[in-house]
Asker: 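The structure under discussion is supplied below as structure tokens; questions concerning it will follow.
Each ligand, and each atom within it, is numbered from 1 in the order the structure gives.
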Amino acid sequence: MIDILLISSSDEHEREVKALLAASDVRHRLHSERGAAKQLPRYAERIKKTDLLIVADTSLVVGDLAAIEEAIGHASNLTCMLVASALKTDMLMAAMRAGVRHVLSWPIDANEFAQELQHVAGKKTSSARREGRVISFASGRGGAGTTLIATNLAYAFAAARDKRVLLVDLDQQFGDASLLMTEKTPASTIADLFAQIERLDAAFFDACVSHVHANLDVLAGAGDPVKATEMRASHLERLLALVRDQYDVVIFDLGQTINPLALHALDQSESICVVAQQTIPQLHAGRRLLDILGALGYSASKMHLLVNQYEKGAQVDLAAIEEALGVKPAHLLPRDEKSALQAVNQGVPLLTIAKGSSLTKSLGVLAAFLWPEAAAPSKSMFGRLLAPKQRAVQQLKPSH
Ligand SMILES: Nc1ncnc2c1ncn2[C@@H]1O[C@H](COP(=O)(O)OP(=O)(O)OP(=O)(O)O)[C@@H](O)[C@H]1O
Ligand SMILES: [Mg+2]
């Protein structure tokens with residue numbers, strides 16, 4: 001799937017390019033804007049997610065190429081195609097120097113256009129290798145907050161850290177993660193996908209996930225314990241082999257089940273977050289889960305204890321938690337009933353309705369703990385517009 005941004009200065013040219021794209025068998029998403037090359041900085045955010053920029057600007061002059069050069073220089077995978085009536089040699093040379101790779105003339109040759117699209121699609125496939133860092137969330141007992149944390153962390157990575165994120169709901173009992181992110185009913189669940197695993201390819205996968213945010217896809221939970229029993233670790237292995245390198249982060253909500261399927265997710269995980277609360281039954285269950293994970297050979301260094309709904313004055317204090325579980329909590333998420341309830345009831349992420357709440361901020365700190373931010377500010381106008389928003393990494397400390 002390639003993302004195309006078309007900047008055209010007339011209806012007629014927009015129609016011609018759209019007709020060629022419609023006839024193409026390269027899978028694409030088109031965003032079309034009426035405008036000129038010199039206005040490119042206005043589309044900086046979109047250009048960041050664009051694979052192919054098509055500029056069909058009839059009034060293009062050499063001076064406008066600076067805007068194209070800036071865009072190409074700051075969007076690492078961007079290919080730029082210029083469509084013009086008759087380019088003089090000096091303009092053609094200047095365009096090439098600016099980084100334009102394809103210059104076509106009107107009327108566009110359909111074969112030439114199709115070849116260029118194939119080229120961009122091929123380049124994307126070979127360069128789209130992402131980090132595919134895997135983080136799992138599990139709890140020993142229901143209601144700990146695993147789903148709320150996993151979903152909102154996924155959203156925080158996608159929206160605030162500009163990471164491509166896949167959230168996979170592996171909870172085999174409730175499978176409610178997608179309900180916390182969108183009111184749309186998911187087209188398919190993970191159980192549906194696994195039931196047709198022989199059909200799995202990029203297009204089928206894309207049709208099964210919910211696109212919750214430009215950067216965040218959610219594979220909904222089975223939502224049916226009977227269907228869930230049919231899901232196999234080999235299915236998950238096949239799925240991850242296909243999609244892992246298309247995402248920066250893959251997050252699993254495992255719920256409370258530890259079975260071969262969950263073990264496959266845990267085997268792939270760089271971080272395993274165990275969620276517990278400050279109650280004796282929760283701590284018992286948390287301890288059991290930590291012991292089981294330890295016995296299964298997962299190293300203590302990748303396991304992180306998260307205490308959710310933390311309250312400073314609660315009867316079970318930090319010392320009691322540490323004594324009961326044998327580990328220091330890696331992070332404390334405060335109890336924030338108002339924000340949590342609002343988000344859960346409306347089926348929207350905390351960042352969108354309670355951005356300044358203590359819980360949302362704490363989730364941001366957790367994101368920075370699990371994946372520390374690297375600061376690489378860029379000075380130019382495009383650099384500033386295109387750079388992911390930098391946030392100060394807060395000290396990891398109890399949030400209360
Ligand atoms: N930090 C918090 N402050 C206040 N309420 C919270 C907090 N975290 C979670 N909750 C609330 O607790 C309830 C359970 O949360 P959630 O569904 O995330 O837990 P879970 O561990 O996934 O449970 P399940 O066993 O159903 O999978 C939800 O109603 C949620 O709104
Ligand atoms: Mg849950």
Asker: Where is the tightest heavy-atom contact between A276 and L305, given as atom of each residue plus distance?
Answerer: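 Of all heavy-atom pairs spanning A276 and L305, the closest is CB-CD1, 4.3 Å.
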Asker: Looking only at heavy atoms, is any part of D253 under 4.0 Å from ligand 1, and if so is it the side chain, the backbone, or both, or is it neither?
Answerer: neither
Asker: What residue among D217, D245, D248 forms salt bridge (Lys or Arg N to Asp or Glu O under 4.0 Å) with R164?
Answerer: D217
Asker: Please confirm if an N, O or S atom belonging to T146, backbone or side chain, lies less than 2.8 Å from the Mg ion (ligand 2).
Answerer: no
Asker: Minimum heavy-atom separation for A191 and K227, please, with both atom names.
Answerer: CB-CB, 4.0 Å
Asker: Between S59 and D57, do the side chains contain a donor N or O and an acceptor N or O under 3.5 Å apart?
Answerer: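 Looking only at side-chain atoms, S59 and D57 do form a donor-acceptor pair, the distance falling under 3.5 Å.
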Asker: Would you mind running through ligand 1 and noting each atom that sits below 4.0 Å from a heavy atom of L359?
Answerer: 1 (N), 2 (C)
Asker: What is the closest protein heavy atom to atom 26 (O) of ligand 1, and at what distance does it sit?
Answerer: F174 CD1, 3.7 Å
Asker: Work out which heavy atom in A150 is nearest to a heavy atom in D253; give both atom names and the distance.
Answerer: CB-CB, 4.2 Å
Asker: Taking the basic N atoms (NZ, or NE/NH1/NH2) and the acidic carboxylate oxygens, is any pair closer than 4.0 Å for K302 and E270?
Answerer: no
Asker: Between K355 and L350, does a side-chain contact (heavy atoms from CB on, under 4.5 Å) hold up when you go through it step by step?
Answerer: CA-CA 6 Å; K355 197 172 177 192; L350 281 159; over 6 Å; no
Asker: Does some non-hydrogen atom of Q173 fall short of 4.0 Å from ligand 1?
Answerer: no
Asker: Is there a polar contact between ligand 1 and E337, counting only N or O atoms under 3.5 Å apart?
Answerer: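 No - when backbone and side-chain N and O of E337 are compared with those of ligand 1, no distance drops under 3.5 Å.
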Asker: Can you figure out which of S362, A340, G143 has its heavy atom closest to atom 24 (P) of ligand 1?
Answerer: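 Among S362, A340, G143, the closest heavy atom to atom 24 (P) of ligand 1 comes from G143.
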Asker: Would you kindly specify which portion of N308 sits under 4.0 Å from ligand 1, judged on non-hydrogen atoms: side chain, backbone, both or neither?
Answerer: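 Within the 4.0 Å criterion, N308 contacts ligand 1 through side-chain atoms alone.
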Asker: Working note: L332 + L318, criterion side-chain contact (heavy atoms from CB on, under 4.5 Å); need CA distance, chi angles, decisive distance, verdict.
Answerer: CA-CA 10 Å; L332 311 173; L318 278 178; 3.8 Å; yes
Asker: Considering only heavy atoms, which of D336, D176, L350, L332 lies nearest to atom 3 (N) of ligand 1?
Answerer: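 Residue with the shortest heavy-atom distance to the ligand atom: D336.
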Asker: Compare P334, A343, S357 and give the one whose heavy atom is closest to atom 1 (N) of ligand 1.
Answerer: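 Among P334, A343, S357, the closest heavy atom to atom 1 (N) of ligand 1 comes from P334.
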Asker: From atom 13 (C) of ligand 1, is the closest protein heavy-atom distance below 4.0 Å?
Answerer: no
Asker: Among all protein heavy atoms, pick out the one at the shortest distance from atom 17 (O) of ligand 1; state its residue, atom name and that distance to 0.1 Å.
Answerer: T147 CB, 4.1 Å
Asker: Has ligand 1 got any nitrogen or oxygen that is less than 3.5 angstrom from a nitrogen or oxygen of L341?
Answerer: no
Asker: Quick test: of every protein heavy atom, which one is nearest to atom 18 (O) of ligand 1, and how far off is it to 0.1 Å?
Answerer: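 Going by distance alone, atom 18 (O) of ligand 1 is nearest to L148 N, 2.7 Å.
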Asker: Where do L21 and H28 come nearest, in terms of heavy atoms and distance?
Answerer: O-CE1, 3.2 Å
Asker: Run the contact test for A144 against ligand 1 with a 4.0 Å cut-off on heavy atoms, strictly below, and give the result.
Answerer: yes
Asker: So, for atom 10 (N) of ligand 1, does the protein have a heavy atom nearer than 4.0 Å?
Answerer: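 True for atom 10 (N) of ligand 1.
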Asker: Between H102 and F113, is the ring centroid distance below 6.0 Å?
Answerer: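 No, the ring of H102 stays outside the 6.0 Å limit from the ring of F113, centre to centre.
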Asker: Exactly one of R29, R27, R46 should register a salt bridge (Lys or Arg N to Asp or Glu O under 4.0 Å) with D3. Which one does?
Answerer: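 Going through R29, R27, R46 one by one, the salt bridge (Lys or Arg N to Asp or Glu O under 4.0 Å) with D3 is satisfied by R29 alone.
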Asker: Starting at CD1 of I4, measure out to CE of M81 and round the result to the nearest 0.5 Å.
Answerer: 8.0 Å
Asker: Which atoms form the tightest heavy-atom contact between K184 and H211, and what is the distance?
Answerer: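 Heavy atoms of K184 and H211 come nearest at NZ-O, 4.3 Å.
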Asker: If you compare all heavy atoms of L153 against all heavy atoms of F137, which two are closest, and at what distance to 0.1 Å?
Answerer: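 Reported closest heavy-atom pair: CD2-CZ, 3.5 Å.
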Asker: Give yes or no for whether the N/O distance cutoff of 3.5 Å, strictly under, is met between R335 and ligand 1.
Answerer: no
Asker: How far is atom 31 (O) of ligand 1 from the closest protein heavy atom, and which atom is that?
Answerer: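 Here the nearest protein heavy atom works out to V344 CG2, 3.2 Å.
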Asker: Starting from atom 2 (C) of ligand 1, what is the nearest protein heavy atom, named by residue and atom, and what distance separates them?
Answerer: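 Nearest protein contact, heavy atoms only, for atom 2 (C) of ligand 1 is Q309 CG, 3.6 Å.
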Asker: Run down the list G221, A177, G145 and name the one with the heavy atom closest to atom 21 (O) of ligand 1.
Answerer: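 Answer by nearest heavy atom: G145.
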Asker: Please determine whether any non-hydrogen atom of D171 lies less than 4.0 Å from an atom of ligand 1.
Answerer: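 D171: in contact with ligand 1 (<4.0 Å).
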Asker: Report, in ascending order of atom number, the atoms of ligand 1 lying under 4.0 Å from any heavy atom of G142.
Answerer: 25 (O)
Asker: Backbone, side chain, both or neither: what part of L333 comes under 4.0 angstrom of ligand 1, heavy atoms only?
Answerer: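 Looking at L333 and ligand 1, no heavy atom falls under 4.0 Å.
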